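Before any comments, here is the structure.
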Amino acid sequence: MKDTHEALRVTGDGSRTLFDEAAGQTLHSEHGAVAEARHVYLEGSGVAMQLAQGEVVTVFEVGLGAGLNLLLTLDLAVRHGATLHYRAVERAWLDPSEVAALGWGAHLHDPSLVAWFLAFLEEMRSVTVGWEPSREPVAWTRELPGGGTLTVAYGDAVDEAGLPRGAVRDLLAPASVDAVYHDAFSPAANPRLWEAGFLRACAGALRPGGAWSSYSVAGFVRRALDDAGLEVEKRPGPPGGKREVLVARRPAGR
Ligand SMILES: C[S@@+](CC[C@H](N)C(=O)[O-])C[C@H]1O[C@@H](n2cnc3c(N)ncnc32)[C@H](O)[C@@H]1O
């Protein structure tokens with residue numbers, strides 16, 4: 001990603017995103033970065049409702065990126081006094097100044113959370129300076145504002161066989177998360193993170209009743225999640241955004 005001024009885009013709901021040249025697409029929906037993040041991930045997965053009820057919630061995110069999904073989820077947790085444990089994988093930290101330019105604070109109840117995330121990125125970038133993006137991931141855990149934890153595995157999520165690498169596998173321990181936010185660029189731009197083996201590992205990490213959610217409704221994604229034992233459902237997308245999005249739930253009691 002080059003200079004912020006070149007990469008910055010304004011999306012359909014007025015919120016901003018960044019264009020990633022390598023992926024050839026923006027980090028968030030051009031129809032509305034914040035609106036779609038809320039609709040697909042927080043509401044689609046049921047996490048918004050669980051946090052509003054003050055529950056302890058564990059999320060695994062594929063692609064921490066600019067931290068939008070993290071910040072929207074954390075903001076709800078803090079607002080409702082709920083405890084959030086957020087796990088994620090990321091292979092390339094963004095520059096904190098680029099993330100600051102996105103202005104996430106305007107969309108949060110507690111805008112001070114952005115400063116916390118920028119400091120986290122700053123720390124992680126200094127710890128991992130010079131690391132190759134393809135290397136074996138290493139995980140760090142930090143306490144989140146309001147309690148709870150953030151654990152991020154830094155490195156390539158999958159190996160040559162398309163399966164989660166060590167630290168990522170640990171974060172995907174069977175039946176250990178309430179939701180998976182699958183936000184890894186589109187299958188066309190980033191096919192490795194949409195292969196059946198990785199989707200199966202994500203599905204296996206869900207507790208009974210937990211949900212995987214994303215914007216891709218591709219047939220091979222639906223089949224892989226169905227084969228992994230999830231109940232797969234296409235749902236309407238957000239107003240003015242994608243026509244359909246995908247939610248796949250592990251049946252309660254299984
Ligand atoms: C669409 S962006 C994520 C946006 C983010 N969820 C947010 O809320 O701001 C996709 C992210 O996945 C990361 N990514 C892509 N391929 C990866 C891989 N093989 N391993 C780990 N991270 C990867 C990219 O670096 C990028 O930050």
Side-chain angles (χ1 to χ4, degrees), residues 1 7-9 11 15-42 44-45 47 59-75 86-96 98-104 107-108 113-114 117-118 120-121 124-125 128 131-139 150-169 171-172 179-195 197-199 201-202 213-216 242:
M1 200 164 294
L8 208 60
R9 302 277 187 280
T11 71
S15 62
R16 299 176 191 165
T17 188
L18 294 166
F19 185 78
D20 186 293
E21 280 186 30
Q25 58 189 230
T26 50
L27 264 70
H28 310 94
S29 168
E30 290 180 275
H31 301 296
V34 168
E36 194 163 303
R38 285 207 169 103
H39 182 90
V40 174
Y41 297 108
L42 282 82
S45 65
V47 163
V59 173
F60 177 81
E61 177 167 53
V62 184
L64 181 72
L68 176 59
N69 294 334
L70 164 66
L71 286 168
L72 292 174
T73 309
L74 176 60
D75 193 47
Y86 204 93
R87 308 173 182 176
V89 59
E90 178 53 62
R91 69 171 173 197
W93 306 119
L94 282 172
D95 182 334
E98 286 182 313
V99 177
L102 291 165
W104 295 150
H107 308 282
L108 302 180
L113 299 175
V114 178
F117 181 62
L118 296 178
F120 171 79
L121 275 184
M124 290 298 120
R125 278 166 66 94
T128 57
W131 286 24
E132 287 297 321
S134 57
R135 63 165 284 150
E136 185 68 28
V138 174
L150 171 64
T151 303
V152 185
Y154 181 65
D156 192 337
V158 290
D159 61 19
E160 295 70 22
L163 297 174
R165 290 176 189 261
V168 180
R169 199 168 53 236
L171 299 186
L172 286 170
V180 174
Y181 295 172
H182 206 103
D183 195 7
F185 292 126
S186 69
N190 198 12
R192 293 171 66 238
L193 292 192
W194 297 89
E195 284 180 12
F198 187 61
L199 288 171
C202 291
S213 58
S214 197
Y215 39 75
S216 175
K242 279 209 68 163

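As the structure lists them, so they are numbered: ligands from 1, and atoms in each ligand from 1. From a predicted model like this one, the values you see are computed outputs, not experimental measurements.
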Ligand 1 atoms in contact with [X] (distance to a heavy atom under 4.0 Å):
X      : result
Asp156 : 18 (C), 19 (N), 20 (N)
Arg192 : 19 (N)
Ala66  : 7 (C), 9 (O)
Gly67  : 7 (C), 9 (O)

(request) Quick one: closest heavy-atom pair of Ala184 and Asn190, and the distance? (result) O-ND2, 2.8 Å

(request) Measure across Arg135 and Glu132 and return the closest heavy-atom pair with its distance rounded to 0.1 Å. (result) CG-O, 2.9 Å

Backbone N or O of [Y] within a donor-acceptor pair of the [X] side chain at under 3.5 Å?
X      : Y      : result
Arg16  : Ala101 : yes
Arg9   : Thr26  : no
Arg165 : Ala157 : no

(request) Between Asn190 and ligand 1, find which residue part has any heavy-atom pair under 4.0 Å and reply side chain, backbone, both or neither. (result) side chain

(message) Please classify the His28 to ligand 1 contact at 4.0 Å (heavy-atom distances, strictly less than): side chain, backbone, both or neither.
(response) side chain

Tell me: protein heavy atom nearest [atom], and distance?
atom                    : value
atom 8 (O) of ligand 1  : Asn69 N, 2.9 Å
atom 25 (O) of ligand 1 : Glu90 OE2, 2.5 Å
atom 4 (C) of ligand 1  : Asp183 OD2, 3.5 Å
atom 22 (N) of ligand 1 : Arg91 N, 3.3 Å

What do you reckon, does [X] have a nitrogen or oxygen under 3.5 Å from a nitrogen or oxygen of ligand 1?
X      : answer
Glu61  : yes
Val158 : no
Gly63  : yes
Val62  : no
Leu27  : no

(message) Would you compute the distance between atom CE of Met124 and atom CG of Leu94 and round it to the nearest 0.5 angstrom?
(response) 14.5 Å

(message) Against ligand 1, does Gly155 come closer than 4.0 Å with any heavy atom?
(response) yes

(message) Applying side-chain contact (heavy atoms from CB on, under 4.5 Å) to Thr151 and Phe60, what does each step give before you reach the verdict?
(response) CA-CA 9 Å; Thr151 303; Phe60 177 81; over 6 Å; no

(message) His28 vs Thr17, test: side-chain hydrogen bond (donor to acceptor under 3.5 Å, both in side chains). Steps then yes/no.
(response) CA-CA 6 Å; His28 310 94; Thr17 188; 2.8 Å; yes

(message) For atom 5 (C) of ligand 1, which of the options Thr17, Leu72, Leu64 provides the nearest non-hydrogen atom?
(response) Leu64

(request) Identify which of Ala157, Ala184, Ala37 has a heavy atom lying nearest to atom 20 (N) of ligand 1. (result) Ala157

(message) Students often mix this up, so state it plainly: with edges at 30° and 60°, are the rings of Tyr181 and Tyr86 parallel, tilted or perpendicular?
(response) perpendicular

(message) If you count heavy atoms of other groups shown closer than 6.0 angstrom to CD of Glu195, is the number above 12?
(response) yes

(message) Contact between Leu64 and Tyr154 at the side-chain level, heavy atoms closer than 4.5 Å - yes or no?
(response) no

